[in-house]
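We use all heavy atoms of the structure for the numbers below, so side chains are in, but hydrogens, waters and symmetry mates are not. Sequential numbering from 1 along the given sequence is applied to the chain's residues.
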Amino acid sequence: MKLTGAEIIWECLIREGVDVVFGYPGGAILPTYDAMTKYPQIHHVLTRHEQGATHMADGYARASGKVGVAIATSGPGATNMVTGIATAIMDSSPIVCITGQVGSKALGTDAFQETDVTGVTLPITKHNYLVTKAGDIARVLREAFYIAKSGRPGPVLVDITKDAQQSTVEFDWDAVAPRLPGYRPNLRALPSEYQRALDLINAAQRPVILGGQGILKSGATAQVLEFANSAGIPIAVTLLGIGAIPASSPRNLGMMGMHGEAWVNQAIQQADLLIALGMRFDDRVTGNLKTYAPNAKKIHVEIDPSEVNKNVHVDVALIGDLREVLTELLPNVQANERSDWWTKINETKGDSAVLDIQALPDNGHLYAAHVINDIWRATKDRETIVVTDVGQHQMWEAQYYHHEAPRSLITSGGLGTMGFALPAAIGAKFACPEKDVWVVVGDGGFQMTMPELATIAQEKIKINVAIINNAFLGMVRQWQEFFYDKRYAATPLRGPDFVKLADAFGLKGVRVTQRSEVTAAVLDGLAHAGTVIIDFRVEQEDSVFPMVPAGAALDKMIRRPKRDVLAETGSDKEWQMPSAKPAPAPATANS
């Protein structure tokens, strides 16, 4: 059948199983938006910013495991997507971004709203395309979806000129199957490498599994648990690996890394074998590479060969899909309780597992750790997805919300994108409308993308927003406290009245200042039919513990002092919004 290039776009999306797209129209993509009216089976979500569209597509992909789709126009519309695309590439999220471009004859003339978006996004996409002919659109889109979701997932951008959208050609879906001879996403490890890995696993006395997001991407939770249970091996998880192993599993030690649990980092440092499953040895996980797990042999199971030996040299690399690799390994892994190793880990753990939460009494002040833990208690028996932004609240959520299910935590890991949470939660809600979706966000990150509240209102969807409001850029302030003599330069943050803001968008707003109010506010929010924004006015100068300083060994952590928490956090101060000019920092010898 003969169709315009714009109509072919929608025909391809339908055949790829797309039921929702997130976008913002403009001149160069207008033919595609006009054709959209013929395809009511795809729901279009009008965002308030193109960055929001990419984060929504990303959140949709992470929650569903499918490919998310975002659409924008040329020039500023396309460049506004860059942060969201970079977020997706760092965290291996499969999204396809479709952008309009000026007419093919105007390319390179600096035409109105022309930008070389394929050049701009080349370093932050798995692949990208510039399409100038309508006859190429179907083939390119089929390839884009295949590339985005195969192998190590990631973003693909397709830039389509306006005349390609307007031209008419024959459309034959079956004739344009992907043919990418240079793209090899399904590599396999050699039998000799499997044998070397088995020899190390069966001989190890102090092994630790490092569980990353690859467990979620591969759907390998059951295989990892079978492996760990059979061989008696403890599991440490990365931030993006949270939820891949149930928090209640006795094999799950907890989160590793800069703000991970102290006993987890110590176990890694004392291990004689590290088995990395779908993680990439990020610097936030390893600490100082020169001192990282110095006595441990290392096995790396990874689908992306470029990640092997990139940061940490390993003894054995098993390239391939994690679930397939474990299926191959499991029959030959020797059963072993490793009771001595578990005894040592439990002795290290001691009472520190509950030290932080116990050290924050209900003394009339509201601590973020208590807010997160109380939200977990109120929601743990419901199907819940938590989407966090980046900063202190992100780490408190990882520490005090105990995730049991895969894909129940969505957060920006590699890029650390402030403003991610609210739009990503919108995408997650469209992916899983039957689940509760909670946004846990700082007051700083929330203000970056809060116009997407209008998207929520227009779409009439139900999301619960918990603003962990300390009137600071909290994590930056913490670094200033620890390493810059409390010189709080540009971190006191004045925000709007979030309750009034919610009302302005036709949403419900609530303010909480005491711990005794937290559970009631959460339950009321869950019972309310629409979106609720809860402004939690938390302790303003609290810090995330433990913390591995930049450049330090993984087990050299700053821990919360055991002395009175009031002296530690300055809890005797009243909560107050910063003035227009922050008060100068106290004088120090280094000032």
For Ile98 and Leu13, run side-chain contact (heavy atoms from CB on, under 4.5 Å): C-alpha distance rounded to whole Å, both residues' side-chain angles, the deciding distance at 0.1 Å, then the answer. CA-CA 11 Å; Ile98 300 171; Leu13 293 181; 4.3 Å; yes
Under the side-chain contact (heavy atoms from CB on, under 4.5 Å) criterion, do Ile372 and Val440 qualify, and how do the steps go? CA-CA 8 Å; Ile372 302 297; Val440 175; 3.6 Å; yes
Apply side-chain contact (heavy atoms from CB on, under 4.5 Å) to Asp436 and Ile385, showing your working. CA-CA 6 Å; Asp436 295 330; Ile385 296 173; over 6 Å; no
Which is it for Ile461 and Ile426 under the side-chain contact (heavy atoms from CB on, under 4.5 Å) test, yes or no, and what are the steps along the way? CA-CA 8 Å; Ile461 56 175; Ile426 295 171; 3.9 Å; yes
Would Tyr400 and Trp396 satisfy ring pair (Phe, Tyr, Trp, His ring centres under 6.0 Å), going step by step from the backbone distance to the final call? CA-CA 6 Å; Tyr400 296 110; Trp396 280 315; 8.1 Å; no
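Between the NE2 atom of His259 and the CG atom of Asn265 there is a distance of 11.0 Å, given to the nearest 0.5 Å. Put simply, CH2 on Trp376 and CD on Glu404 are 8.0 Å apart, with the number rounded to the nearest 0.5 Å. The CD atom of Glu397 sits 11.0 Å away from the CG atom of Asn373 when rounded to the nearest 0.5 Å. Within the model, atoms CD1 of Ile209 and CG of Leu253 stand 10.0 Å from one another, a figure rounded to the nearest 0.5 Å. Within the model, atoms CH2 of Trp438 and CD1 of Ile375 stand 5.0 Å from one another, a figure rounded to the nearest 0.5 Å. Note that NE2 of His402 is 8.5 Å distant from NZ of Lys380, once rounded to the nearest 0.5 Å.
Using a 4.5 Å heavy-atom threshold, the side chains of Asn464 and Val437 count as separate. With contacts defined as side-chain heavy-atom distances shorter than 4.5 Å, the pair Met56/Thr47 qualifies. Taking 4.5 Å as the limit, some side-chain heavy atom of Val117 sits within range of a side-chain heavy atom of Leu157. Taking 4.5 Å as the limit, every side-chain heavy atom of Leu501 sits out of range of all side-chain heavy atoms of Ile533. Residues Val538 and Val371 are in side-chain contact: their nearest non-hydrogen atoms beyond the backbone lie under 4.5 Å apart. Counting heavy atoms from C-beta on, the side chains of Val20 and Ile42 never come closer than 4.5 Å. Contact of the Ile468 side chain with the Gln392 side chain is not registered, since no non-hydrogen atoms from C-beta on lie closer than 4.5 Å. The closest side-chain heavy-atom distance from Pro76 to Gln113 is below 4.5 Å.
Across all their heavy atoms, Gly444 and Leu493 have their closest contact at CA-CD2, 3.3 Å. The two residues Leu239 and Ala398 have their closest heavy-atom pair at CD1-CB, 3.9 Å. When all heavy atoms of Ser543 and Gln478 are compared, the closest pair comes out as CA-OE1, 3.3 Å. The minimum heavy-atom distance linking Met256 with Ala236 is given by the pair CE-O, 3.3 Å. The two atoms that bring Ala244 and Thr221 nearest to each other are O-OG1, 2.7 Å, heavy atoms only. Across all non-hydrogen atoms, the minimal contact from Gln514 to Gly364 is OE1-O, 2.8 Å.
Checked options Phe430, Tyr60, Phe22; the residue passing with His43 is Phe430 (criterion: ring pair (Phe, Tyr, Trp, His ring centres under 6.0 Å)).
No donor-acceptor contact under 3.5 angstrom links the side chains of Thr238 and Gln213, judged on distance only. Under the 3.5 Å distance criterion, with hydrogens and angles disregarded, a donor-acceptor pair is assigned to the side chains of Arg48 and Gln458. Under 3.5 Å, the side chains of Tyr24 and Gln51 contain no donor-acceptor pair of N or O atoms. Between the side chains of Thr455 and Glu452, at least one donor N or O sits under 3.5 Å from an acceptor N or O. Between the side chains of Arg152 and Ser92, at least one donor N or O lies within less than 3.5 Å of an accepting N or O. The closest side-chain donor-acceptor pair between Lys126 and Asn128, if any, does not fall under 3.5 angstrom.
By the 4.0 Å N-to-carboxylate-O rule, Asp535 lies too far from Lys500 to be salt-bridged with it. Taking the charged nitrogens against the carboxylate oxygens, Arg284 and Asp282 have no contact shorter than 4.0 Å, which rules out a salt bridge.
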Exercise answer: donor-acceptor pairs, residues 405-421 side-chain atoms, under 3.5 Å, sequence neighbours excluded:
from	atom 1	to	atom 2	distance (Å)
Arg407	NH1	Arg62	O	2.8
Arg407	NH2	Leu216	O	3.4
Ser408	OG	His403	ND1	3.0
Ser408	OG	Ala405	O	2.6
Thr411	OG1	Thr388	OG1	2.6
Thr411	OG1	Gln394	NE2	2.7
Ser412	OG	Gly416	N	3.2
Ser412	OG	Thr417	N	2.9
Ser412	OG	Thr417	OG1	3.4
Thr417	OG1	Thr87	OG1	2.7

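Listed by first and then second residue, the ring-ring contact (aromatic ring centres under 6.0 Å, His included) pairs involving residues 498-540 are Phe446-Phe498 (not counting sequence neighbours).
With hydrogens and angles ignored, the 3.5 Å screen pairs a side-chain donor or acceptor of Thr531 with a backbone N or O of Ile463. Looking only at distances, a side-chain donor or acceptor of Gln399 sits under 3.5 Å from a matching main-chain atom of Phe545. Side-chain atoms of Lys462 come within 3.5 Å of backbone atoms of Gly530 as a donor-acceptor pair (strictly under, hydrogens ignored). A donor-acceptor pair under 3.5 Å links the side-chain atoms of Asn311 to the main chain of Arg280, judged by distance alone. For Asn252 (side chain) and Pro246 (main-chain N/O), a donor-acceptor pair under 3.5 Å exists by modelled atom type. The backbone N or O of Asp443 lies less than 3.5 Å from no partner atom in the side chain of Asn469, so there is not a single donor-acceptor pair. A donor-acceptor pair is defined here as one N or O able to donate and one able to accept, closer than 3.5 Å; no such pair exists between the side chain of Arg477 and the backbone of Thr491. A donor-acceptor pair is defined here as one N or O able to donate and one able to accept, closer than 3.5 Å; such a pair exists between the side chain of Thr125 and the backbone of Thr121. At distances below 3.5 Å, not a single donor-acceptor pair connects side-chain atoms of Glu459 with backbone N or O atoms of Ala454. Side chain of Gln540 to backbone of Gln576: a donor-acceptor contact under 3.5 angstrom is found.
Considering only residues two or more places apart in sequence or on other chains, Tyr33 meets the ring pair (Phe, Tyr, Trp, His ring centres under 6.0 Å) condition with His44. Residues passing the side-chain contact (heavy atoms from CB on, under 4.5 Å) test with Val120, sequence neighbours excluded: Val82, Thr115. Partners of Thr73 under the side-chain contact (heavy atoms from CB on, under 4.5 Å) rule, at least two apart in sequence or in another chain, are Ala28, Ile29. Residues passing the side-chain contact (heavy atoms from CB on, under 4.5 Å) test with Asp374 are Arg377, Arg515, Val518, Thr519, sequence neighbours excluded.
Using a 30° and 60° split on the angle between ring planes, His365 and Tyr367 fall in the tilted class, from 30° to 60°.
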